[in-house]
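Below is one structure, written out as structure tokens; the observations come after it.
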Amino acid sequence: MGHRNEVECWLTDMDGVLVHENHALPGAAALLQQWEDSGTPYLVLTNNSIFTARDLSARLRASGLNVPEDRIWTSALATADFLRQQVPGGSAFVIGEAGILTALHDAGYIMTETDPDFVVVGETRNYSFDAITKAIRLIGAGARFIVTNPDATGPSADGPLPATGAIAALITKATGKEPYVVGKPNPMMFRSALNKIGAHSENTAMIGDRMDTDIVAGIEAGLHTVLVLTGISDQREIERYPFRPDEVLQGVFELLDEEPGESDL
């Protein structure tokens, strides 16, 4: 992929790149402002399917980051986008919260427990055994199995929580059916993000903090990839993988334009 100077559009991960536990990371607010001021098309991406873009915009604002809701792309929105293309005006049985329910509703979908086209599993805080049983039976009866994101665990103040990937594994074990997973590391998440802002992979960069999701998907989608070390990755972590990002930075503050008057030495 070319040099950063050729980049016209940006996709950036949220957690570990712009925020860490509801606190803005150094340079994040200034970088978002730089993109807004220069009219640079960008999207903030997250695999989280619990929240709507409006909810996330408010959460980011509380941590000092100004991201309009139309600049947020979640695995829930990407999933709804994908299903609308597959079966316009279709139906789904959904395990999940406002993020995925709202996205599917806005995409013209009907939520039903009777003969749905799809069973969609997203992030939720209270997985119900009844709902999981229903999902297993509907998939057994022919509904297509879709998962918003593959993350097996999510963070919480008390430690890891089982997440979408773990529930999906349970359903796969019971049905023998593998789901189609929309969120990162599936490049589908980036493809739909590019479509949303009318960008092309050749002149778009993505910023992430995870080699195994963000960077591999970015490379597969043909993007200029930037790994920041403010999240999960360090040098040892980078060396575990057979691929490399185009750039490794300490944090997004390294992407800020130099102030006029600073030396170019």
Side-chain angles (χ1 to χ4, degrees), residues 9-25 28-29 31-32 35 41-82 96-104 106 120-125 146-156 160-161 163-165 181-197 199 204-218 221 223 225-228 230-233 252:
C9 309
W10 288 87
L11 304 178
T12 177
D13 189 33
M14 194 168 85
D15 298 304
V17 177
L18 301 178
V19 288
H20 178 66
E21 287 175 3
N22 298 331
H23 295 291
L25 285 162
L31 182 62
L32 290 163
W35 290 339
Y42 72 93
L43 279 179
V44 174
L45 273 58
T46 176
N47 258 2
N48 187 315
S49 59
I50 288 187
F51 303 106
T52 64
R54 189 181 310 157
D55 300 335
L56 286 168
S57 179
R59 289 170 77 93
L60 288 166
R61 202 172 311 123
S63 56
L65 299 178
N66 181 26
V67 183
E69 62 180 278
D70 64 351
R71 291 289 178 193
I72 295 173
W73 192 244
T74 71
S75 66
L77 292 167
T79 299
D81 199 52
F82 173 70
E97 305 215 2
I100 185 63
L101 291 165
T102 306
L104 283 170
D106 289 350
V120 181
V121 177
E123 212 67 84
T124 161
R125 297 199 191 83
I146 306 288
V147 175
T148 58
N149 61 296
D151 307 72
T153 60
S156 86
L161 297 168
T164 323
V181 183
V182 176
K184 300 176 301 184
N186 185 346
M188 173 62 75
M189 177 94 171
F190 291 117
R191 294 280 302 274
S192 57
L194 289 169
N195 289 343
K196 178 171 164 68
I197 55 174
T204 302
M206 63 86 35
I207 313 168
D209 69 316
R210 299 183 68 124
M211 289 289 285
D212 58 344
T213 55
D214 306 321
I215 299 303
V216 70
L223 305 171
T225 52
V226 180
L227 179 77
V228 290
T230 38
I232 205 143
S233 294
V252 289

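Note: hydrogens, waters and symmetry copies are ignored here, and every other heavy atom, side chains too, is used.
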By the ring pair (Phe, Tyr, Trp, His ring centres under 6.0 Å) test, which pairs, at least two apart or in different chains, include something from residues 50-71? none

May I ask you to decide if T164's main-chain N or O and E123's side chain share a donor-acceptor pair within less than 3.5 Å? yes

Say you draw a straight line from CD1 of I146 to OG1 of T79; how long is it, rounded to the nearest 0.5 Å? 8.0 Å

List the residues meeting side chain to side chain donor-acceptor pair (under 3.5 Å) with T148, not counting sequence neighbours, and say none if there are none. S49

Taking it one step at a time, do S75 and N47 satisfy side chain to side chain contact (heavy atoms under 4.5 Å, CB included)? CA-CA 5 Å; S75 66; N47 258 2; 4.2 Å; yes

For a quick test of reading the model, state the closest non-hydrogen atom pair linking K196 to D70 and the distance between them. CE-O, 3.3 Å

My understanding is that only residues two or more places apart in sequence, or in another chain, count here; which of them pass side chain to side chain contact (heavy atoms under 4.5 Å, CB included) with R210? D212, T213, D214, I232

Can you check whether L25 reaches V228 side chain to side chain, under 4.5 Å on heavy atoms? no

Considering only distance and modelled atom types, tabulate donor-acceptor pairs under 3.5 Å from the side chains of residues 9-17, sequence neighbours left out.
from, atom 1, to, atom 2, distance (Å)
D13, OD1, K184, NZ, 2.6

Can you list everything that forms a side chain to side chain contact (heavy atoms under 4.5 Å, CB included) with A98? Sequence neighbours excluded, please. T52, T102

If you define the side chain from C-beta out and look only at heavy atoms, does anything of L56 sit under 4.5 Å from N48? no

In terms of heavy-atom contacts, G154 and A163 come closest through N-CB, 3.8 Å

All heavy atoms of S57 vs all of V67, minimum pair found to be OG-O, 2.7 Å

From M206 CE over to L45 CG, what is the distance, rounded to the nearest 0.5 angstrom? 7.5 Å

Just grab all the salt bridge (Lys or Arg N to Asp or Glu O under 4.0 Å) pairs involving residues 50-69, residues at least two apart or on different chains. R54-E69

Does P160 have any side chain to side chain contact (heavy atoms under 4.5 Å, CB included) partners at least two apart in sequence or in another chain, and if so, which? T153

Heavy atoms of M189 and T46 approach each other most closely as CE-O, 3.2 Å

Partners meeting side chain to side chain donor-acceptor pair (under 3.5 Å) with S192 (sequence neighbours left out): W73

What are the two closest non-hydrogen atoms of V181 and N149, and how far apart are they? CG1-C, 3.7 Å

Nearest 0.5 Å please: distance from the CD1 atom of I207 over to the CG atom of L227. 11.0 Å

Residue pair I72, L60: steps toward the side chain to side chain contact (heavy atoms under 4.5 Å, CB included) verdict: CA-CA 10 Å; I72 295 173; L60 288 166; 4.0 Å; yes

For A76 and A103, the nearest pair of non-hydrogen atoms, with its separation, is O-CB, 3.6 Å

